[in-house]
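Below is one structure, written out as structure tokens; comments come after it.
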Amino acid sequence: MISSRMKNLHPYVPGEQPKDRTYIKLNANENPYAPSSKVQEALIDFINKNPMKLALYPDPDSLELHAAIADMLNRTGGVLCNAVTEGENVRPSEKDLIPFTVTPDMIYSGNGSDEVLSFVFYAFFDSGKRLVLPEFTYSFYPVYAGFYNIETDVVPMKKDWSLDTEELLSRAGKNGSGLIFANPNAPSGISLSREEVRAMLKKASPDQIFVVDEAYCDFGGESCIPLLAEFKNLLIVRTFSKSLCGAGMRLGYIVASPEIVNFITTVKNSLNHFPIDALAQVAGNTACRNPAYYCECARKVVEQRESFQSFLAEKGWEFVPSKTNFVLARHPSVSGEEVYRRIKHEGILVRHFSTKGIEDYVRITIGTKEQMDALKAAIEKICCSGEKVQPFSGTAQP
Ligand code: PMP
């Protein structure tokens with residue numbers, strides 16, 4: 001009954017989303033802060049003043065949203081935690097300056113960056129050519145490869161968890177395929193500098209797409225947006241789900257040349273020609289017009305990440321130094337699965353992957369100070385004191 005294509009499907013398994021909401025949720029790299037109050041007001045206003053707009057199809061070109069995204073990137077340089085804020089005024093830090101103006105025709109938006117990524121795979125990765133992927137990368141890339149019937153060629157990580165850029169390039173060259181990786185990488189949290197990516201782009205074939213997924217860049221990475229002036233094959237994917245406190249809004253976008261944006265639009269219009277819904281457009285537009293709040297949120301996350309990493313070091317845990325809103329860490333003697341289970345018993349969810357090579361680790365999303373204090377207390381209790389684990393009673397804070 002099912003098509004032969006179905007055999008290649010190995011669906012992505014997201015972090016647990018418990019219905020009871022009684023856990024502290026540090027397992028899906030969401031932002032612990034709500035969107036700006038301006039977003040909340042804009043949504044209520046929109047519904048009250050324009051109920052008919054919900055009965056009509058949304059702007060197919062998301063023009064206002066794309067203008068707002070471009071404006072935010074120009075004002076922040078694409079790294080929120082570094083941007084300089086004075087009240088509501090925001091400007092990029094010196095090191096993040098974009099040497100040109102990002103224009104709305106360089107933006108494509110979709111239903112989360114997952115959807116955007118799927119269109120990128122369709123448009124640029126051929127099923128006849130093996131796609132080179134880092135061994136540990138965003139686990140949706142191999143899922144999409146299966147979906148589009150593309151074989152993969154997996155390059156091991158270096159010992160320090162960084163990407164083996166030479167090997168990635170060399171194999172992409174041999175396979176005649178494009179390249180995709182997350183920067184900072186997930187789930188390691190390590191970031192390549194812009195100069196390192198530039199060096200890769202110089203060696204890569206200008207005829208092959210070069211995709212950099214900057215889902216976590218706002219927490220301390222170096223954005224490759226400035227490189228768009230030099231490299232026409234560069235495509236950058238970003239999301240509202242992490243630094244813009246909007247995972248529930250499902251908004252992701254591409255920054256690339258207008259030509260690349262047109263290719264992706266062609267894919268979209270061949271599948272589901274409607275854009276993201278009207279409410280998400282309003283929410284995204286308002287968020288981008290008010291970046292100062294999100295800069296503060298990103299800085300708070302970075303502060304907690306640094307404090308948590310110091311805590312882990314003190315307690316003798318191993319961790320990969322992160323430039324994101326999560327930390328990949330392992331206890332020296334307790335298995336990753338056991339750490340996950342014990343922390344869950346304390347009412348806190350973190351992410352454990354059973355994939356070989358990473359099974360000893362847990363990936364911990366950075367939350368608010370209160371959430372991280374609770375996590376530190378849980379870690380002290382379960383992994384350092386040797387106290388017996390009690391089953392979780394279900395009364396922890398949300
Ligand atoms: N890229 C990376 C590297 C991610 O970790 C994620 C989130 N899990 C995504 C893309 C997808 O994010 P979203 O679809 O919520 O925009």
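Counting convention: from 1, in listed order, for ligands and their atoms alike.
Heavy-atom proximity to atom 15 (O) of ligand 1, evaluated over Ala28, Ser118, Ser241, Ala186, is greatest for Ser241. Comparing Asn29, Asp114, Asn111 against atom 11 (C) of ligand 1, the shortest heavy-atom distance belongs to Asp114. Of the candidates Phe140, Tyr216, Phe326, the one placing a heavy atom closest to atom 4 (C) of ligand 1 is Tyr216.
Here Ser113 has heavy atoms under 4.0 Å from ligand 1 in both its backbone and its side chain.
In terms of protein heavy-atom proximity, atom 3 (C) of ligand 1 is nearest to Asp213 OD2, 3.5 Å. Atom 6 (C) of ligand 1 has its closest protein heavy atom at Tyr138 CZ, 3.5 Å. The single protein non-hydrogen atom nearest to atom 7 (C) of ligand 1 is Lys242 NZ, 3.1 Å, given as residue, atom name and distance.
A parallel orientation is assigned to the rings of Phe121 and Tyr148, their planes being inclined by less than 30° (bins at 30° and 60°).
Put simply, part of Arg250 is less than 4.0 Å from ligand 1, judged by heavy atoms.
Residue Thr239 approaches ligand 1 through these ligand atoms, each under 4.0 Å from one of its heavy atoms: 13 (P), 16 (O). Within ligand 1, counting atoms from 1 as listed, the ones closer than 4.0 Å to a heavy atom of Gly112 are 14 (O), 16 (O).
With side-chain heavy atoms closer than 4.5 Å counting as contact, directly or through intermediates, the hydrophobic cluster containing Tyr57 also holds Phe274.
Looking only at side-chain heavy atoms (C-beta outward), Leu235 and Phe124 come within less than 4.5 Å of each other.
Residues Ile264 and Tyr144 fall within the same hydrophobic cluster, defined by Ile, Leu, Val, Met, Phe, Trp and Tyr side chains chained together at heavy-atom separations under 4.5 Å.
Checking side-chain atoms of Arg305 against main-chain N and O of Ser322 turns up a donor-acceptor pair under 3.5 Å. Side-chain N or O atoms of Arg171 include one that pairs as donor or acceptor with a backbone N or O of Val154 at under 3.5 Å.
With ring centers used as reference points, Tyr33 lies 6.0 Å or more from Tyr293.
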